[in-house]
Amino acid sequence: MRAGYMRRLAAGIYNYLPLMQRVIDKISTIVREEMNASGAVEILMPVIHPAELWQKSGRWETQGKELMRFKDRHKHDLVLGPTHEEVVTSLVAGELKSYKQLPLNLYQIQTKFRDEIRPRFGLMRGREFIMKDAYSFDTDDEAHKIAYRKMVDAYYKVFDRCGLPTKKVESDTGAMGGKAAHEFMVLIDTDGGECTILSCDTCDYAANIEKAEFREIEPPEQDKELKPIEVVATPNATTIEDVTAFLNLPSHRLAKTLLYIANKKPVAAIIRGDRQINEIKLGNHLGCLEVELADNETVERLTKAPVGFAGPVGLEIPIIVDPEVAVLTNFVTGANKGDAHNLNVNLDRDFKATAVVDIKNAPDGEGCPRCDGRLGASQGIEVGNTFSLGTKYSASLGGKYLDANGKEKPYIMGSYGIGVTRTAQAAIEKYHDEKGVIWPQAIAPYQIILSPLNLSKDLQRETAEKFYSELTEAGYEVLYDDRPERAGVKLNDADLIGIPLRIAIGDKSLANGKVELKLRSEKEFEAVEIAEVGQKIEEFLARAI
RNA sequence: CGGGGUGUGGCGCAGUCCGGUUAGCGCACCUGCUUUGGGAGCAGGAUGUCGGAGGUUCAAAUCCUCUCACCCCGACCA
């Protein structure tokens, strides 16, 4: 980053320079305070994990290539920890034997590793990042709910204190497993978000697009009577746009057939032409973590037609149909023949569905699944997540306690993450202008930047030095720009690094016994009598984000 | 994983097609003088295994082979 906060060392791996280190420290402190207040206890676990733990939980396989693996000199498989469910469970399994020792919540703040397929967006998706991870252990679901609630409350407080109001949304559990999950999203107006969320305009339903459901919708206006199937020539029309244009039909009267490879077997997914496939929903239905679009060769082998003309009629592989398609009549599909489509296709009469399940992204503007409201899409950055894990890890890693009746039971667990470096990045993304960053004061590296505009003038230098010692004495964090640079350089740099309050000391105001206070978030400065600066600082900072 | 691209002082680039003096330029850096309220001017100076290995050649940043690293796009198209 240009402002001197960090430097890239390798793809997705960064050095944090002094300013960023202070920001990380501020965020960590807030996180620590709120975690401690919620009753969680800080520990520190190793970065390197033995592969056995990951093999026991099954994530050695399911985490796939994202897991950083290596071997030591004895050829033992080791892992650089991306998260610590396995380690914490095995730790607690050795310590906790009685229900009297529960509930328990352990957390740590530490560097994590994920070998992202494609690191990008700086700290958004790095291969190495700092995360706070907490793990709760409870006797039963009721107790777990209380622990979960506490974490959620603590998360709202953490992000509010950081100046980043968040929205809690439902999310997919992914490779983490377990029962339910939420993500904490910072909403971004511009297009800086890394994922799309849908939220209801009436109730508090909100979900990641990976997970979002919506109310069943009415089928579009269409024929009541089933017409016989008809093959039409559609030369070179391989995309939905081509076919709608060629046949002069709306795209929602078309059904697109996508061929996937799931667990090494082909499967067809059929959704309306105007919808987008949701591979996570499809994968969840099929019971696998990753589904992959079939390559062109496979498509041609299965459909006996070039890519672009796939259809369900005559396909001899499992066919998953989206409910929106199931209610269509006389729709259009590929004909499994080059340059041809089928008209008037109907489910059940012309082909059988292996399953009818929701496998599409929830479209913008559709009905909320919980109330009469409408869903709207917005961009967000995920800064925290919470998972109800059930007994997935405790059962596989021997995490058991004795209950009041002397019976052995696995703990009910939860896992809770806050991306510390990503929170910093989210703040930058949310609060910046063309000149640079505008930090919320709670996580700014310094509260005040002191900028004497010409250090070669004795009066300016002496005034600045006096301010620096007095303000520091008074408990403010002050960055003193004592570089012998020109005024323009210093003022631009001050804007760039985004310290909330700037005190400029220059001849113009100093001649009247004044210095200039300016908030980074505001346009105008105010010349203030030197004697009144202390009081004015309070007023200014109270106004800042 | 597929496609494209780039590696040359600290940073950004030119030179490569068509091999041939001492490998240039801008910014940054150092010294001096002037300047000093929104990214200063002049003068002088330092800085390079041309990503790496091998090869062709009298001669390689330049041609050939291999390799490494990084960046961008795609992998939500049927």
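So you know, we letter chains A, B, ... as the sequences are listed, proteins then strands, and number each from 1.
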Pair A:K337 + A:D339: basic N to acidic O under 4.0 Å: no
Under 4.0 Å between a Lys/Arg side-chain N and an Asp/Glu carboxylate O for A:D77 and A:R69? no
For [N], which nucleotide is its Watson-Crick or G-U wobble mate, given both distances must be under 3.5 Å?
N: B:A43; value: B:U31
N: B:A14; value: none
N: B:A75; value: none
N: B:U65; value: B:A53
N: B:C70; value: B:G5
N: B:G48; value: none

Using whole Å, what does the distance between atom [atom2] of nucleotide [N] and atom [atom1] of [X] come to?
X: A:L455; N: B:G37; atom1: CG; atom2: P; value: 13 Å
X: A:L259; N: B:C76; atom1: CG; atom2: P; value: 13 Å
X: A:Q460; N: B:U36; atom1: CD; atom2: P; value: 12 Å
X: A:K360; N: B:C76; atom1: NZ; atom2: P; value: 18 Å

Ignoring the backbone of [X], work out which of [options] is nearest its side chain.
X: A:N454; options: B:C76, B:U36, B:G37; result: B:U36
X: A:D493; options: B:A40, B:G39, B:A78; result: B:G39
X: A:K256; options: B:A78, B:G37, B:C70; result: B:A78
X: A:A310; options: B:G37, B:G39, B:A78; result: B:A78

Distance, P atom - from B:G15 to B:C63, rounded to whole angstrom: 12 Å
Below 3.5 Å, does any donor atom in the side chain of A:D507 face an acceptor in the base of B:G37, or the other way round? no
Look at all strands and tell whether [X] reaches a base, only sugar-phosphate, or nothing, counting heavy atoms closer than 4.0 Å.
X: A:K508; value: base
X: A:N278; value: nothing
X: A:R461; value: nothing
X: A:G334; value: nothing
X: A:E485; value: nothing

Please confirm whether A:Y5 and A:W439 have ring centers closer than 6.0 angstrom. yes
Strictly below 4.0 Å: does A:R486 bring a side-chain N or O up to OP1 or OP2 of B:A40? yes
Can you list the steps and then say if A:Q460 with A:D507 is a side chain to side chain donor-acceptor pair (under 3.5 Å)? CA-CA 7 Å; A:Q460 286 194 28; A:D507 282 346; 3.0 Å; yes
Only one of A:E382, A:E170, A:H182, A:E183 clears side-chain hydrogen bond (donor to acceptor under 3.5 Å, both in side chains) with A:N208; which? A:E183
Determine yes or no for a side-chain-to-main-chain donor-acceptor pair under 3.5 angstrom, with A:R502 supplying the side chain and A:L517 the backbone. no
